[in-house]
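Scroll down for the structure; my scribbles are underneath it.
No hydrogens, no waters, no symmetry mates; every other heavy atom, side chains included, goes into these values. Positions are given from 1, in the same order as the sequence printed here.
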Amino acid sequence: MDQPTLYEAELGETLPLRTSLRRLLPVAAAVFATAAATLPATAAPPPAPGDHRPAAGGLSATIRYTEYGIPHILAKDYAALGFGTGWAQAADQVCVLADGFVTVRGERSRHFGPDAATDGSLSSARTNLSSDLYFAGVRDARTVERLLARPAPTGPGREQKEMMRGWAAGYNAWLEQNEVTDPACAGKAWVRPVEALDVARRAHALAVIGGEGAFVDAITAARPPAPGSAPAAGADPGGVAGAAREMFDERNATMGSNAVAFAGGTSANGRGLLLGNPHYPWHGGRRFWQSQQTIPGELNVQGASLLGVPLVQIGFTDKVAWSHTVATGRTMNLHQLALDPADPTAYLVDGRAERMVRRTVTVPVAGGEPVTRTQWWTRYGPVVTSFGGDPLPWTATTAYALHDPNGGNLRMADTSLGLAKARSTRDMVAALRRTQGLPWVNTVASDRNGGTLLAQAQVVPRITDELAERCSTPLGRTLYPATGVAVLDGSRGDCALGRDPDAVQPGIMGPARWPLLRDTPYVENSNDSAWLSHADRPLTRYERVFGDVGTERSLRTRGALEDVAAMAGRGGLTVADLQRQQFANRVPAADLTADDVLRACPAALPGDTEACEALARWDRRTDTTSRGALLFDRFWLRLQRETTNAERWKVPFSAADPVGTPRDLNTGAPGFATALRGAVAELRAAGIPLDAPLGEHQFVVRGGQRIPVHGGTGTGVWNMTVPVWDAAAGAYTEVRHGTSHVQAVGWDGGRCPVARTLLSYSQSSDPGSPHHADQTRLYSQERWVTARFCERDILRDPSLRVVRVAQ
C-alpha cells in the first residue's frame with residue numbers, strides 16, 4: 001500500500017472539524033512549504049508569475065489547480081481564504097468582474113456611454129444611465145456602509161467581513177502582479193483596484209435583484225406631477241396585474257433551477273443523494289465559478305459561487321450537499337400613498353404629512369456634461385411609476401412606493417457559511433433560521449445520514465394574508481391574489497408590516513412561517529411554489545406572498561415529479577442515477593402530445609408527409625443527435641403563442657391530479673395547424689431538413705469551433721437550455737441561460753463525498769484561457785468531472801499545479 005503523503009496524513013480527510021486551528025497552523029505551513037515537492041513528475045509547472053511570497057504581515061494562500069482549472073484554495077483564516085478566492089476569480093474572470101464593479105460604482109455612462117445597454121447581471125436597468133443613477137444613489141446614501149455597521153445577526157458576521165476584505169486584496173494583488181490579456185478589457189482604464197466596500201456593494205446588488213434591482217428604470221424615471229398639470233388617470237388594476245404576471249412568467253425569466261434530494265430509504269446504501277441543476281446566464285456577471293475552500297479544522301467545502309462572491313454558495317462537504325432554486329416568493333410589495341393636497345412630494349400617514357426624501361444624483365457621462373436627476377424616497381422605499389412596463393401614475397393625489405426588505409439584507413454569505421459548516425440537514429435548518437440571508441431562492445439539501453430538506457427560507461416582506469385582506473387598496477385586491485404582490489394602504493399606520501418574534505430584521509417573515517419539508521423520500525423544486533415539493537405530501541399552510549397553492553404546475557415541474565417519484569419508487573439509487581436523470585433529455589410536452597400531433601398532422605399538412613414522418617421517427621428527446629427535435633421545438637414555441645392555455649388542452653387542470661393535468665392536446669384549436677405549418681415553413685425557409693439532428697442547429701461557437709448543445713426550453717426538459725435563435729443562420733447559435741453548475745452528490749461510507757460536477761460554460765470567460773471551453777465540450781458530450789474533495793485525490797491529479805499567492 002502507498003504511504004500517505006503529508007497532505008493525507010496530517011491535513012486530509014481524517015481531521016475532525018473540532019481540531020484546533022492552533023494545532024493545524026504548523027501543519028499547514030509545512031504543507032505550503034512542501035507542496036511543490038509532492039507534485040508528480042508529470043505535473044505542469046506553476047504559471048507565470050510563479051511563486052508570490054508574502055510581504056511582512058501580508059495575506060497569502062495556496063491554490064492547488066486540478067483538471068479543468070478548478071482551484072482548491074487552502075488558507076489559514078477567512079481573510080486569507082478570501083484573498084486566494086479573489087486572486088483565483090480574477091485570474092479566470094477579470095473582465096467580467098471589473099465590468100460589475102463599474103456597475104456598482106455607478107460609472108457605466110462614463111466608460112461605456114449613457115445609452116448603451118447593460119448586461120442585466122446586477123439589475124434590470126435598460127441603459128447605463130439608468131443603472132448609474134440607481135447605483136450612484138445607493139453609494140451617495142451610504143446604504144451599504146450602514147448595513148456593514150450593523151452587528152450580526154442583523155448585519156453581516158465577522159467572517160463575511162474578513163472574506164470581503166481578503167477578496168478585494170486578492171483581486172488587487174492579481175491585477176498588480178499580472179498583465180490582463182483578455183481582449184474584452186486589456187488596457188482599459190475601468191479595470192482598477194477595488195475595496196472591500198465594492199465587494200459588499202456587489203453583494204447588496206445581488207440581494208435586491210428581485211426587488212429594487214428589478215425596478216431600476218421605474219425608480220430613476222419617477223417624477224412628481226408638474227404644477228398645474230391636467231389630472232392624470234390612476235393605475236389600471238387589470239393592466240398592472242397582467243404586466244406583473246408577464247414579468248413573473250417562467251418563459252421570461254433569466255434564471256431558474258432544478259434540484260432534487262433523495263432520502264436514505266431510496267438509495268442503495270441508506271445515505272442521501274442530491275442533484276442540483278441551476279439555470280443561470282452563460283454570459284456576464286451572474287455566472288457561476290467553481291472552487292474548493294479550505295481552512296484546516298474550520299471549513300472545507302466545494303462547489304460554486306457567483307462571480308464576486310467570496311464564499312461557495314451551492315456545494316457539498318463530507319457531511320451535506322445543497323443547491324438553490326429560484327423561488328416564487330415575492331421579494332417586494334407596494335404601498336399606495338395618499339399625497340398632501342398642497343404638495344405631491346409629501347404623503348399622509350394617519351393624517352400627518354411626511355415629506356419625501358430627495359436623493360439628487362449626478363452621473364458623469366462620456367463625451368458630455370454630467371447628468372443630474374432626483375429620486376424620491378419614502379419611509380417605505382423609493383417612489384416608482386411603473387410595474388413591468390405598465391404605468392403606476394404619480395398624480396396630484398396618489399403615488400406608489402416600492403418596499404424591498406432585501407435593501408436591508410447583507411447576510412447572504414453568512415447563510416452560505418452556515419450551510420457549509422452544517423453536519424446534517426437539521427443543522428442546515430438551524431443555520432437558515434439563525435442567519436435569514438437568502439433573498440430569492442429555495443434550499444434543497446441532503447446529508448450523509450439520509451436526511452432531506454426543502455426550505456423556502458426567503459427574505460420576503462411580512463405580508464400575511466390577513467394583512468393583505470385588511471389593508472389592500474383596490475389595486476392590491478387584484479394584484480395580490482393573482483401574483484402575490486401586495487399593494488397596501490400607505491396612509492394607515494395600522495397597515496405597517498410589523499415584526500415576527502423570530503425574525504432577525506423588522507418587516508420580514510420569520511422562520512416559523514417558512515414553507516418547510518423534511519425527511520420525505522424525495523424533495524424536488526423546479527421553480528414552482530413549494531406546494532408540490534413532494535407529489536403526495538403537498539405543503540399548504542403558508543402565506544400567499546411565498547407562492548400559490550393548488551394551481552397548474554409548469555411542464556418542467558410535472559416532468560420532474562414524474563421522474564423523481566419513479567426513481568424513488570424503484571429505490572437502490574446511486575450518483576450514477578442522478579447523472580442519468582440530468583441528461584435524460586426527455587421532453588414532457590412530447591410525451592403528453594406527440595401522439596395527438598401525429599394523428600392530426602396529415603390534416604394540418606395535407607399532401608405534405610415529410611414533417612409528419614420526421615415527427616414520427618423522433619425519439620422524443622433533445623439529445624444533440626435527436627432528429628425531429630428542432631421541428632417539435634419550433635412548433636411548440638409557436639403553439640404557445642397561437643393558443644391560450646384553455647384552448648390548448650381538452651382536459652383542464654385539476655388540483656386533484658396536478659401532475660397529470662392539463663392533458664390531451666386540442667388539435668382542433670385554430671392555432672394548432674397554424675403553429676405546425678409555421679414551424680415547417682420556418683425550417684424550410686432556412687434550408688434546414690425537418691429531421692436534422694438537433695446539435696447541427698443548436699450550438700455555441702468557441703475558438704471558431706461549433707460545440708453542439710443538447711437540452712431544451714418550454715417543453716419541460718429537465719436539462720434546460722434557453723438558446724438564441726438566429727433566423728438568418730437558421731440555428732440556435734448561442735445559449736442565453738440554462739444548465740450551468742451541475743452537481744450530483746452522494747456518500748459511500750468513506751470520508752470523501754462521491755461527487756460529479758460540471759460547469760457548462762467552463763471556468764474562464766477569457767478566450768485565450770485553456771479553460772474557456774473545456775467543460776463546455778464535456779457538457780456537449782454529456783460527460784462529467786469527478787470531484788476531487790479529499791487531499792489524496794487532489795494530489796493524485798496528473799495535471800495538478802500548485803501556486804502560492806501573496807500580497
Side-chain angles (χ1 to χ4, degrees), residues 102-110 114 118 122-150 197-198 200-227 331-340 343-349 353-365 369-387 392-396 398-410 461 490 507:
V102 172
T103 296
V104 297
R105 286 171 175 150
E107 297 179 347
R108 300 193 65 82
S109 299
R110 167 186 287 174
T118 72
L122 294 176
S123 83
S124 66
R126 295 183 181 180
T127 67
N128 287 334
L129 180 60
S130 179
S131 173
D132 289 343
L133 290 168
Y134 171 74
F135 283 106
V138 172
R139 179 198 64 207
D140 294 350
R142 298 182 61 81
T143 300
V144 177
E145 289 92 328
R146 290 200 301 272
L147 295 179
L148 287 168
R150 292 178 180 174
L197 182 57
D198 295 310
R201 285 173 175 156
R202 190 177 189 124
H204 184 259
L206 289 171
V208 301
I209 205 164
E212 289 180 15
F215 287 80
V216 165
D217 293 332
I219 293 169
T220 58
R223 302 284 183 276
T331 58
M332 92 302 278
N333 69 280
L334 296 171
H335 293 264
Q336 187 168 322
L337 307 178
L339 301 181
D340 185 334
D343 184 357
T345 64
Y347 57 101
L348 304 176
V349 180
E354 292 187 16
R355 295 194 63 81
M356 296 178 186
V357 175
R358 296 171 62 107
R359 185 178 287 182
T360 301
V361 180
T362 299
V363 170
V365 174
E369 294 297 316
V371 173
T372 299
R373 296 282 189 274
T374 299
Q375 301 164 31
W376 300 89
W377 288 69
T378 71
R379 63 160 64 182
Y380 307 111
V383 175
V384 294
T385 50
S386 65
F387 193 119
L392 292 172
W394 186 345
T395 70
T398 304
Y400 296 87
L402 177 76
H403 170 62
D404 178 2
N406 284 292
N409 173 23
L410 203 59

Evaluate side chain to side chain contact (heavy atoms under 4.5 Å, CB included) for Met332 paired with Val384, printing each intermediate quantity in order.
CA-CA 12 Å; Met332 92 302 278; Val384 294; over 6 Å; no
Taking Arg108's backbone N and O only, do any of them form a donor-acceptor pair with Asp132's side chain (distance below 3.5 Å, no angle check)?
yes
Are the charged groups of Arg139 and Glu145 less than 4.0 angstrom apart, N to O?
no
Under the 3.5 angstrom rule, does the side chain of Thr118 hit a backbone N or O of Ala125 as a donor-acceptor pair?
yes
Determine, for Arg359 against Asp140, whether the closest basic-nitrogen to carboxylate-oxygen distance falls under 4.0 angstrom.
no
Testing the basics here: between Val349 and Tyr380, what is the closest heavy-atom pair and its distance to 0.1 Å?
CG2-OH, 4.1 Å
What residues, two or more places apart in sequence or in another chain, satisfy side chain to side chain contact (heavy atoms under 4.5 Å, CB included) together with Asn333?
His335, His403, Pro461, Ile463, Ala486, Leu488, Leu497
Are side-chain N/O atoms of Glu212 and Tyr134 paired as donor and acceptor at under 3.5 Å?
yes
So which heavy atom on Phe135 is nearest to which on Leu122, and how close?
CZ-O, 3.6 Å
Is there a side-chain contact between Glu107 and Val363 (heavy atoms, below 4.5 Å)?
no
Rounded to the nearest 0.5 Å, what separates atom OG1 in Thr360 from atom CG in Leu133?
11.0 Å
Without hydrogens or angle criteria, can the side chains of Ser131 and Ser123 be said to hold a donor-acceptor pair below 3.5 Å?
no
Assess the residue pair Thr127 and Ser130 against the criterion (side chain to side chain contact (heavy atoms under 4.5 Å, CB included)); give the C-alpha distance rounded to whole Å, side-chain angles, the decisive distance to 0.1 Å, and a yes or no.
CA-CA 5 Å; Thr127 67; Ser130 179; 3.5 Å; yes
Might you confirm whether atom CZ of Arg146 has over 12 heavy atoms from other residues, nucleotides or ligands at distances under 6.0 Å?
yes
State whether a side-chain donor-acceptor pair under 3.5 Å links Asn406 with Thr331.
no
Scan side-chain atoms only and decide if Asn128 and Ser109 contain a donor-acceptor pair under the 3.5 Å cut-off.
no
Between the side chain of Trp394 and the main-chain N/O of Pro344, is any donor-acceptor distance below 3.5 Å?
yes
What heavy-atom pair brings Arg202 and Val104 nearest, and what distance separates the two atoms?
CA-CG1, 4.0 Å
Give, for atom CG of Leu402 and atom CG of Leu392, the distance between the pair rounded to the nearest 0.5 Å.
10.0 Å
Given the side-chain rings of Phe215 and Phe387, with only the six-membered ring counted for Trp, is the space between their centroids under 6.0 Å?
yes
Ignoring hydrogens, what is the shortest heavy-atom contact between Val138 and Val144? Give both atom names and the distance.
CG1-CG2, 4.3 Å
Determine whether Gln375 and Val361 make a side-chain contact, defined as any pair of heavy atoms from C-beta on separated by less than 4.5 Å.
yes
Taking the basic N atoms (NZ, or NE/NH1/NH2) and the acidic carboxylate oxygens, is any pair closer than 4.0 Å for Arg355 and Asp343?
yes
Find out whether Arg201 and Thr103 are in side-chain contact, i.e. whether some heavy atom of one side chain is under 4.5 Å from a heavy atom of the other.
no
Nearest-0.5 Å distance, CG of residue Asn409 to CG of residue Leu206
11.0 Å
What is the minimum heavy-atom distance between Leu147 and Gly407, and which atoms define it?
CD1-O, 3.5 Å
Of all heavy-atom pairs between Leu410 and Ala200, which one has the smallest distance, and what is that distance?
CD1-O, 3.7 Å
Roughly how far, to the nearest 0.5 Å, is NE2 of His204 from CD1 of Ile209?
12.0 Å
Does the side chain of Arg223 come within less than 4.5 Å of Arg373's, by heavy atoms?
yes
Decide side chain to side chain contact (heavy atoms under 4.5 Å, CB included) for Trp376 and Thr345; before the verdict, give the C-alpha distance in whole Å, the side-chain angles of both, and the deciding distance to 0.1 Å.
CA-CA 8 Å; Trp376 300 89; Thr345 64; 3.6 Å; yes
Given side chains that start at C-beta, do those of Leu129 and Val371 come closer than 4.5 Å, heavy atoms only?
yes
Walk me through it: do Thr378 and Leu337 pass the test side chain to side chain contact (heavy atoms under 4.5 Å, CB included)?
CA-CA 10 Å; Thr378 71; Leu337 307 178; 3.8 Å; yes
Arg142, CZ atom: more than 12 neighbouring heavy atoms under 6.0 Å
no
